[in-house]
Amino acid sequence: QVELVESGGGEVQAGGSLTLSCAASGYTYIMGWFRQAPGKEREGLALIYTATAEDRTVYTDSVKGRFTISQDKAKNTVYLQMNSLKPEDTAMYYCAGAPYALSAATRLSPSKYVYWGQGTQVTVSL
């Protein structure tokens with residue numbers, strides 16, 4: 001079992017930035033960031049291939065150009081840099097990991113991920 005520990009959430013004004021961190025205790029092949037707002041389904045935002053030589057990343061359309069996923073392999077930590085935040089970005093943010101490859105069709109599907117962090121709240125105010 002791999003433990004994921006997130007940090008970095010908080011409250012920020014619209015247009016501001018936050019960086020989330022997720023430290024993993026063991027092996028993952030892919031790690032992703034997800035969010036869930038009250039009354040809504042959990043949404044996949046971005047993923048990074050953690051077990052490959054190159055830092056391949058994938059983003060959902062709603063965050064392309066605003067959010068950046070990255071990793072520090074030496075620290076086994078994945079980051080989500082969030083810029084130009086909007087009130088609609090308010091949600092609980094989760095990191096998740098999978099120990100295997102995922103197809104292009106499902107790689108941002110929450111149900112495909114095995115390991116989950118506890119979540120960190122991000123609140124964006126006007």
Side-chain angles (χ1 to χ4, degrees):
Q1 185 71 11
V2 174
E3 183 180 2
L4 303 180
V5 179
E6 299 136 340
S7 60
E11 184 167 355
V12 64
Q13 288 191 324
S17 299
L18 279 176
T19 299
L20 306 182
S21 300
C22 177
S25 65
Y27 172 82
T28 59
Y29 189 87
I30 292 179
M31 286 188 67
W33 283 98
F34 298 77
R35 69 184 177 191
Q36 189 166 19
K40 294 190 175 181
E41 293 187 354
R42 193 165 294 190
E43 173 190 19
L45 304 176
L47 67 86
I48 189 166
Y49 287 82
T50 49
T52 59
E54 57 188 32
D55 287 352
R56 290 176 56 201
T57 58
V58 176
Y59 296 90
T60 194
D61 287 346
S62 62
V63 303
K64 278 182 185 176
R66 297 192 302 126
F67 292 8
T68 302
I69 189 170
S70 62
Q71 64 180 320
D72 184 333
K73 289 188 174 182
K75 296 182 179 180
N76 215 14
T77 298
V78 172
Y79 305 94
L80 187 69
Q81 171 71 40
M82 304 184 293
N83 299 325
S84 303
L85 283 162
K86 308 172 183 179
E88 51 264 43
D89 293 318
T90 296
M92 185 71 78
Y93 283 68
Y94 299 89
C95 68
Y100 39 67
L102 298 172
S103 70
T106 64
R107 57 193 173 188
L108 281 175
S109 298
S111 63
K112 299 300 182 182
Y113 287 74
V114 177
Y115 315 120
W116 287 87
Q118 78 284 1
T120 186
Q121 178 68 36
V122 171
T123 302
V124 184
S125 57
L126 288 169

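The first residue of the sequence shown is numbered 1, and numbering continues consecutively from there. Just so you know, these numbers use all the heavy atoms, side chains as well, and skip hydrogens, waters and symmetry mates.
Glu3 meets the side chain to side chain donor-acceptor pair (under 3.5 Å) test with no other residue; sequence neighbours excluded. Remark: Ser17 pairs with Asn83 by the side chain to side chain donor-acceptor pair (under 3.5 Å) rule, at least two apart or across chains. Shown here are the side chain to side chain contact (heavy atoms under 4.5 Å, CB included) partners of Val122, two or more places apart in sequence or in another chain: Leu18, Leu20, Met82, Tyr93, Val124. Legend: residues meeting side chain to side chain contact (heavy atoms under 4.5 Å, CB included) with Ser103, ordered by chain and number and at least two apart, are Ala105, Thr106. Taking the side chain to side chain donor-acceptor pair (under 3.5 Å) definition, one finds that Ser70 meets it with nothing, sequence neighbours left out. The side chain to side chain donor-acceptor pair (under 3.5 Å) search around Ser125 returns none, not counting sequence neighbours. With sequence neighbours excluded, the residues satisfying side chain to side chain contact (heavy atoms under 4.5 Å, CB included) with Ala51 are Tyr27, Tyr29. Not counting sequence neighbours, the partners of Ser21 by the side chain to side chain contact (heavy atoms under 4.5 Å, CB included) test are Ser7, Thr77, Tyr79.
Note that the CG atom of Leu102 and the NZ atom of Lys112 stand 8.0 Å from one another [nearest 0.5 Å]. Taken to the nearest 0.5 Å, the CD1 atom of Ile30 stands 10.5 Å off from the CD1 atom of Ile48. Note that the CD atom of Gln13 and the CD atom of Glu11 stand 8.5 Å from one another [nearest 0.5 Å].
Residues Gln118 and Glu6 form a side-chain contact, since some pair of their non-hydrogen atoms from C-beta on lies under 4.5 Å apart.
Under a hydrophobic-cluster definition in which Ile, Leu, Val, Met, Phe, Trp and Tyr are linked whenever side-chain heavy atoms come within less than 4.5 Å, directly or via other members, Val5 and Ile69 are assigned to different clusters.
Here the shortest heavy-atom pairing between Ala24 and Met31 reads CB-SD, 4.2 Å. Closest heavy-atom contact between Ser25 and Gln1: OG-O, 4.3 Å. In plain terms, the two heavy atoms of Tyr94 and Gly117 that are nearest each other are CD2-O, 3.7 Å. Minimum interatomic distance between Met92 and Gln121 (heavy atoms only, all atoms of both residues): SD-N, 3.5 Å.
For residues 71-126, every residue pair satisfying the disulfide bond (SG atoms under 2.5 Å apart) rule, not counting sequence neighbours, is listed here: Cys22-Cys95. Counting only residues at least two apart or on different chains, the ring pair (Phe, Tyr, Trp, His ring centres under 6.0 Å) pairs with a member in residues 95-126 are Phe34-Tyr113, Phe34-Trp116. Residue pairs meeting the salt bridge (Lys or Arg N to Asp or Glu O under 4.0 Å) criterion with at least one member in residues 88-105, sequence neighbours excluded, are Arg35-Asp89, Arg66-Asp89. Every pair passing salt bridge (Lys or Arg N to Asp or Glu O under 4.0 Å) that includes a residue from residues 52-62 is listed here, sequence neighbours excluded: Asp61-Lys64.
Of the listed residues (Leu108, Leu47, Val78), just one forms a side chain to side chain contact (heavy atoms under 4.5 Å, CB included) with Trp33, and that residue is Val78.
Remark: Lys75 NZ is loosely packed, at most 12 non-hydrogen atoms of other residues, nucleotides or ligands lying under 6.0 Å away.
In this structure, Thr68 contributes its side chain and Gln81 its backbone to no donor-acceptor pair below 3.5 Å.
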